[in-house]
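Take a look at the structure below.
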Amino acid sequence: MEKEKQCVGLAPSRRLLGLPSYGKGRAGQAQVFRHRLGSNEAPDGPCPSAREAVEAMFADAQRYPDLRGETLSAALAKHHGVTADNIAVSAGSIVLLDQLIRAWCDRGDEVVSPWRSYEAYPIVVGVSGASLVEVPLDADHRICPDGLLRAIGPRCRVVLICNPNNPTSTEIAPDAIDGLIASIPRNILVILDEAYSDYAADAQTVAASPGIRLRRHPNLVILRTFSKAWGLAGMRIGYCVADQSIIAAIQCVAPPFPLPGPAVAAGLAALAEPNIVAARVAMNTAERTRMSEGLAAAGLPLAKSAANFIWLPVRERAEALTRHLNDAAIAVRCFAGEGVRITTGTEADTNAVLDAAARWRSFE
Ligand SMILES: *Cc1c(COP(=O)(O)O)cnc(C)c1O
């Protein structure tokens with residue numbers, strides 16, 4: 001938050017000073033672009049069964065929903081092979097991250113995380129009064145496990161890892177993640193943000209991995225979301241899977257009625273149709289391959305993606321490339337001085353990106 005925005009004589013906590021604001025430089029909202037590739041959303045709308053479930057639940061909108069989102073937690077527990085007290089739900093996984101950091105950190109505590117990563121992390125950590133210790137990525141834009149372990153000092157309370165990482169799209173392999181978590185002291189909470197895990201492995205592995213990991217690592221929390229491969233970003237459904245003692249701590253800071261009834265209904269309907277996610281992931285893999293190959297052929301540098309977006313580390317050309325794509329009616333996310341992130345969408349979206357990329361080369 002900037003000082004000028006404060007009201008005279010009325011100042012919020014000093015923790016808010018100097019925090020970055022989420023979504024700065026974002027291109028896809030105020031102006032509607034034909035190709036909305038700025039927010040890693042699914043390109044297709046909700047399935048008919050989710051629409052019907054939402055409408056049916058809305059008919060009861062005068063009633064409060066589940067106190068803790070129990071109906072959805074029970075279905076998610078079944079989906080992942082854990083028990084319902086291993087699950088907490090909220091209006092987006094970013095809210096759960098905020099609850100976890102507030103439940104774990106006091107002023108002066110440290111949260112160690114690879115960086116560049118998700119732009120919400122510095123805000124959530126900063127608001128809590130803790131400090132974010134940023135560990136640089138390696139030359140291939142991947143998380144560096146040794147660097148992360150070296151950065152864990154006596155004030156560290158939480159290690160926060162995004163895998164596959166946003167915005168660099170890279171992943172570390174499952175066994176490397178397990179080795180890393182096993183090397184972190186057990187009294188430190190490890191938060192693994194798996195918003196993009198659906199794109200990195202087959203559906204069965206993605207569903208089974210939280211249960212397997214929790215049995216190995218009791219200090220682990222896995223964050224998942226319905227906002228990406230599950231295609232429901234607008235319904236705001238996030239959840240976490242963790243030991244029941246960690247879930248109990250989250251419930252201490254969580255407000256009651258975390259999810260509206262229609263959101264619970266949409267989540268249940270989506271869980272009942274895993275084939276839709278599988279089809280979305282398959283289309284993503286095909287378009288991601290085509291977009292990656294085309295962008296490389298156009299001479300652009302890119303990271304190896306395991307997600308539904310591509311990272312172009314073009315550094316000082318990031319803003320110019322963003323303008324060039326925006327001029328072609330393509331919304332992307334610009335990280336000034338670092339790179340451009342492009343969501344993979346439909347065949348038509350890929351065509352538009354590759355067309356613009358070909359012209360970018362001649363333009364340079
Ligand atoms: C999109 C995203 C999320 C999901 O956030 P929601 O609040 O569940 O919509 C979480 N983490 C990362 C890294 C993301 O990119």
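One-based numbering, in listed order, for ligands and for the atoms of each.
One distance of note links OH of Tyr239 with OG of Ser93; it measures 10.0 Å at 0.5 Å rounding. Rounding to the nearest 0.5 Å places CG of Asn308 at 4.5 Å from CG of Asn40. Residue Ile188 holds its CD1 atom at 12.5 Å from CH2 of Trp104, rounded to the nearest 0.5 Å. The CG atom of Asn163 sits 11.0 Å away from the CD1 atom of Ile222 when rounded to the nearest 0.5 Å.
If you number the atoms of ligand 1 from 1 as listed, the ones under 4.0 Å from a heavy atom of Ile94 come out as 7 (O). Atom numbering of ligand 1 starts at 1 in the shown order; those under 4.0 Å from a heavy atom of Ala195 are 2 (C), 3 (C), 10 (C), 11 (N), 12 (C), 14 (C). The contact set between ligand 1 and Gly92, taken as ligand atoms under 4.0 Å from a residue heavy atom, comprises 6 (P), 7 (O), 8 (O).
Between Val253 and Gln99, the closest heavy-atom pair is CG2-O, 3.5 Å.
The proximity of Cys162 to ligand 1, defined as any non-hydrogen pair under 4.0 Å, is limited to the side chain. When heavy-atom distances to ligand 1 are checked against a 4.0 Å cut-off, Phe226 has no atom that comes that close, whether in backbone or side chain. Contacts of Asp193 with ligand 1, taken as heavy-atom pairs under 4.0 Å, involve the side chain alone.
Close N/O approach between Ser93 and ligand 1 is found [any backbone or side-chain N/O within under 3.5 Å]. An N or O contact shorter than 3.5 Å links Ser227 to ligand 1 by distance.
For atom 15 (O) of ligand 1, the closest non-hydrogen atom of the protein is Tyr196 OH, 2.6 Å. If you check which protein heavy atom lies closest to atom 1 (C) of ligand 1, you get Lys228 NZ, 1.2 Å. Atom 7 (O) of ligand 1 has as its closest protein heavy atom Arg236 NH2, 2.8 Å.
Asp140 and Lys304 are not joined by a salt bridge, as no carboxylate oxygen comes within less than 4.0 angstrom of a charged side-chain nitrogen. A salt bridge is absent between Arg323 and Asp327: the closest approach of a Lys/Arg side-chain nitrogen to an acidic carboxylate oxygen does not fall below 4.0 angstrom.
Taking the six-membered ring for Trp and thresholds of 30 and 60 degrees, His79 and Trp230 have ring planes more than 60 degrees apart, a perpendicular arrangement.
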